[in-house]
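Predicted model, so just to flag it, every value in this text is computed and none were measured. Residue numbering restarts at 1 for every chain, and letters A, B, ... go by the order of the sequence lines.
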Protein chains: 2
Amino acid sequence: MVTIKELANILGISTTTVSNVIHGKTSEVSLATVEKVQKLLEEYDYTPNINARNLAQNRSKIIGMALFSNEDKYKNIVADPFFGSLVGAIEKEVRKNNYFFMLYVSDDISEIIRYVSSWNVDGLITVGMNRDEYLKIRGRYKKPIVLIDSYAPKDIMDYVNVGLDDEGGGYIMTKYLIENGHREIAFICDNLEGVDYMRYRGFKKAVGEAGIVFDKKNLIIISPVEGETAVSMSEVYEAAQRVTAMFCCSDNYALQVTNELFARGMDVPGDVSIAGFDDNIFAKVCRPALTTVYQDVDRKGTVAVEKLMAMLRGEENPKDEILPVKIVVRDSVRKL
Amino acid sequence: MVTIKELANILGISTTTVSNVIHGKTSEVSLATVEKVQKLLEEYDYTPNINARNLAQNRSKIIGMALFSNEDKYKNIVADPFFGSLVGAIEKEVRKNNYFFMLYVSDDISEIIRYVSSWNVDGLITVGMNRDEYLKIRGRYKKPIVLIDSYAPKDIMDYVNVGLDDEGGGYIMTKYLIENGHREIAFICDNLEGVDYMRYRGFKKAVGEAGIVFDKKNLIIISPVEGETAVSMSEVYEAAQRVTAMFCCSDNYALQVTNELFARGMDVPGDVSIAGFDDNIFAKVCRPALTTVYQDVDRKGTVAVEKLMAMLRGEENPKDEILPVKIVVRDSVRKL
DNA sequence: GTGAAAGCGCTAACAA
DNA sequence: TTGTTAGCGCTTTCAC
């Protein structure tokens with residue numbers, strides 16, 4: 001690979017001039033030189049050494065994405081369509097803005113901090129981070145951060161979040177179930193924090209408004225840990241005997257549950273209705289096609305990058321953005 | 001962020017010594033100094049500037065993954081479970097080896113070349129690349145490359161490939177269909193190159209061995225371009241009238257096709273049997289659960305990184321690795 | 001056992 | 001309009 005210095009030597013001019021031409025500061029260079037240099041740039045197929053440039057400019061042109069993932073829950077988090085979509089959308093938008101995309105998956109905050117510091121990452125995007133985790137990173141990393149799907153309390157710290165109307169989603173779906181005559185509804189998730197908690201809140205709200213007394217037995221928190229889901233599924237099956245509908249926190253679980261119930265001889269939506277959340281790529285091609293809450297994951301990623309870019313441009317801190325949800329009615333919920 | 005120089009100044013010693021301690025070359029440093037330095041390293045929470053290190057060492061510690069993707073076919077390629085799994089598995093293995101993972105999606109080879117050159121990427125992994133594309137990159141990038149799922153001719157160039165016994169997969173599944181009494185079988189894919197072509201070859205082989213005359217009408221190449229798949233699906237439906245089984249080149253298509261047929265009032269596997277390929281995360285939770293050809297995508301990614309690391313260590317060029325396939329019998333194929 | 005100094009490739013302030 | 005030069009933070013050779 002040719003260097004600026006070498007090119008400068010060939011032409012017997014200074015590196016500054018070459019550098020200026022490279023950066024299009026042609027106003028400071030005579031037309032003749034510009035042409036000479038450009039010809040040579042072409043000829044030698046000059047490619048800048050980004051490490052050198054970064055070092056000189058004290059930046060990196062890297063947008064980092066840190067996925068805070070626990071191996072117990074996700075053997076391979078990117079294989080999950082939700083995270084996969086997010087990764088793809090963010091990479092695309094980052095590239096569009098002439099930055100580079102570096103992915104780092106870890107369940108160790110200090111590892112993530114070391115990574116962003118070492119690389120001098122220009123901006124960071126992270127998903128589902130809670131208060132303590134965010135504070136730790138913030139303490140050591142001073143450049144722009146955009147959180148996705150975070151519900152860390154806003155009063156304690158100042159951050160930019162791109163989220164979803166999770167509570168609204170929980171609410172409209174539950175309302176829909178109720179309107180279809182369901183009163184005994186189970187809520188299925190794998191934790192009660194952040195996003196899932198808000199969906200649950202929406203669920204509770206709709207249930208309350210309908211004057212239904214919610215039996216805590218019907219809140220089923222299944223274990224995502226491999227080897228333990230079998231037990232959880234028995235619990236789900238049991239619940240399916242006493243409810244008429246199950247609202248799952250994600251399409252993944254909705255599919256798993258549907259599958260499990262079929263395997264045990266029940267029919268969906270004949271015996272029990274199932275609703276999901278996300279509207280992932282399989283929601284429409286499974287059978288029964290899933291009635292679910294739609295969210296635009298690609299947009300989530302794109303918006304996150306847009307916010308980051310605005311911050312990088314030095315604009316005033318952007319506001320949070322809460323993306324809307326909508327219900328997608330398909331075939332997994334029946335009218336009673 | 002503290003620099004080595006600053007730490008050296010504080011202690012009134014040279015940067016060399018600090019650097020030596022950092023790199024554990026403690027044999028060259030007195031115990032007393034080692035301890036002094038280590039204490040300071042801790043205290044100031046020293047984090048190396050990777051850009052500087054890379055510049056000095058003429059490397060990058062980055063493993064690049066280039067996805068050669070066309071927007072027509074994939075709006076978001078990482079959202080596809082196959083590519084998502086690959087990305088996740090590769091990132092994980094890269095991290096395990098103390099490298100960093102940079103993803104670059106593009107349909108422009110020269111852009112990819114510019115990217116790897118600029119960053120001085122230490123090793124590159126790329127998927128489904130053909131002969132010309134590979135040659136272009138090879139011409140300008142001299143560091144290790146591992147291809148995944150490539151069928152570029154081996155005689156022309158020297159490269160390392162991690163692939164799958166695609167032909168075998170096509171063969172065993174077709175044989176299974178035939179054993180179950182199917183003789184009119186359609187083959188469905190979206191191209192006839194590389195991986196898909198080999199699966200088709202396996203298909204043809206099994207069909208031939210059974211003495212079945214294959215009617216080219218039953219080779220259906222559907223268009224992946226959005227807006228054109230509807231037309232393709234009509235063709236599929238038409239074919240479903242005259243065949244008893246359809247072998248789809250991917251689970252994605254198998255699900256889409258199944259769904260389409262159901263939508264048009266047919267039953268799977270009642271009216272027509274469907275087989276897939278990949279055994280992706282949804283194959284087992286859809287209904288009917290998909291009879292398909294299993295491949296270990298995570299392993300593909302892991303092995304690719306392992307090969308790259310071996311090359312980086314300067315070991316003799318590793319040999320290609322062809323991962324095995326196996327059939328997974330579920331409910332989408334029925335015995336005639 | 002320790003340090004001085006050159007150099008990686010590029011940028012940018014300043015001088016000419 | 002063009003060139004000189006210092007410096008980004010780190011590694012590494014060589015001398016002491």
Side-chain angles (χ1 to χ4, degrees), chain A residues 1-38 40-41 44-62 98 100 114 116-122 143, chain B residues 1-38 40-41 44-62 98 100 114 116-122 143:
Chain A
M1 284 199 12
V2 245
T3 67
I4 288 191
K5 199 175 171 185
E6 285 165 0
L7 294 181
N9 283 341
I10 294 176
L11 291 175
I13 62 177
S14 80
T15 59
T16 310
T17 306
V18 177
S19 175
N20 277 334
V21 173
I22 290 172
H23 290 90
K25 298 184 187 163
T26 53
S27 59
E28 326 208 325
V29 184
S30 78
L31 194 62
T33 347
V34 169
E35 282 176 351
K36 266 196 311 192
V37 173
Q38 256 159 0
L40 217 60
L41 250 23
Y44 283 83
D45 196 10
Y46 170 77
T47 317
N49 179 322
I50 299 201
N51 274 309
R53 181 179 286 179
N54 289 345
L55 183 60
Q57 301 195 136
N58 188 33
R59 55 139 161 87
S60 69
K61 276 277 161 182
I62 296 174
N98 291 310
F100 295 88
R114 230 177 305 136
V116 290
S117 311
S118 271
W119 279 101
N120 206 349
V121 160
D122 286 341
K143 301 194 183 176
Chain B
M1 284 199 13
V2 244
T3 67
I4 288 191
K5 198 177 172 186
E6 285 164 1
L7 294 181
N9 282 342
I10 294 176
L11 291 175
I13 62 178
S14 80
T15 60
T16 310
T17 305
V18 177
S19 175
N20 277 334
V21 173
I22 289 172
H23 290 89
K25 298 183 187 162
T26 53
S27 59
E28 326 209 323
V29 184
S30 78
L31 195 61
T33 344
V34 169
E35 282 177 351
K36 265 196 310 191
V37 173
Q38 257 160 359
L40 218 61
L41 250 24
Y44 283 83
D45 195 12
Y46 170 77
T47 317
N49 179 322
I50 299 201
N51 274 308
R53 181 178 287 179
N54 289 345
L55 184 59
Q57 302 194 134
N58 188 32
R59 54 135 162 89
S60 69
K61 276 277 161 182
I62 296 174
N98 291 311
F100 294 88
R114 231 177 305 136
V116 289
S117 312
S118 271
W119 279 101
N120 207 349
V121 160
D122 287 341
K143 301 194 184 177

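Rounded to a whole Å, the CZ atom of A:Arg59 is 14 Å from the C1' atom of C:dG9. Between the CG atom of B:Leu11 and the P atom of C:dG1 there is a distance of 18 Å, rounded to whole Å. Rounded to an integer number of Å, the gap from CG of B:Asn51 to C1' of C:dC10 is 12 Å. Straight-line distance from the CD1 atom of B:Ile22 to the P atom of C:dT2: 15 Å, rounded to whole Å. Distance B:Asn58 CG to D:dT13 P: 14 Å, rounded to the nearest Å. The distance between atom CG of A:Asn54 and atom C1' of D:dC10, rounded to the nearest whole Å, is 15 Å. Rounded to an integer number of Å, the gap from CG of A:Asn9 to C1' of D:dT4 is 14 Å. In this structure, B:Ile50 places its CD1 atom 10 Å from P of D:dT11, rounding to the nearest Å.
Here the side chain of B:Glu6 pairs a donor or acceptor atom with the backbone of B:Thr3 at under 3.5 angstrom. One N or O on the side chain of B:Ser60 and one on the backbone of B:Asn120 form a donor-acceptor pair closer than 3.5 Å.
For the salt bridge (Lys or Arg N to Asp or Glu O under 4.0 Å) criterion with A:Asp122, the lone passing option out of A:Lys61, A:Arg59, A:Lys143 is A:Lys143.
Between B:Thr17 and C:dT2, a side-chain N or O to OP1/OP2 separation shorter than 4.0 Å is absent. In this structure, A:Ser30 reaches the D:dT2 phosphate: one of its side-chain N or O atoms is under 4.0 Å from OP1 or OP2. Here A:Thr16 does not reach the OP1 or OP2 of C:dA12: none of its side-chain N or O atoms lies under 4.0 Å away. An OP1 or OP2 oxygen of D:dC10 is reached within less than 4.0 angstrom by a side-chain nitrogen or oxygen of B:Tyr46. The phosphate of D:dG9 (OP1 or OP2) has no side-chain N or O of B:Thr3 nearer than 4.0 angstrom. Contact check, B:Ser14 against C:dA4: no side-chain N or O comes under 4.0 Å of OP1 or OP2. Taking 4.0 angstrom as the limit, B:Gln57 places a side-chain polar atom (N or O) nearer than this to OP1 or OP2 of D:dT12.
Considering only the side chain of B:Leu55, D:dG9 comes nearest among D:dG9, D:dC10, C:dT11. Of the candidate nucleotides C:dT2, D:dT11, C:dA12, C:dT2 has the atom lying nearest to any side-chain atom of B:Thr33. Among the nucleotides C:dG3, D:dC10, D:dT11, the one closest to the side chain of B:Asn49 is D:dC10. Relative to the side chain of B:Ala56, the nucleotides C:dT11, D:dC8, D:dC10 differ in distance, and D:dC10 lies closest.
A:Thr33 has its side chain out of reach of A:Val21: every pair of non-hydrogen atoms, C-beta onward, lies at least 4.5 Å apart. With contacts defined as side-chain heavy-atom distances shorter than 4.5 Å, the pair B:Asn54/A:Asn54 does not qualify. Residues B:Leu11 and B:Thr17 fail the side-chain proximity criterion, which asks for heavy atoms closer than 4.5 Å.
With the nearest nucleotide of DNA chain D identified for both A:Gly12 and B:Ile4, A:Gly12 has the one nearer the 5' end. Checking B:Val34 against B:Ala52, the closest nucleotide of DNA chain C that is more toward the 5' end is the one next to B:Val34.
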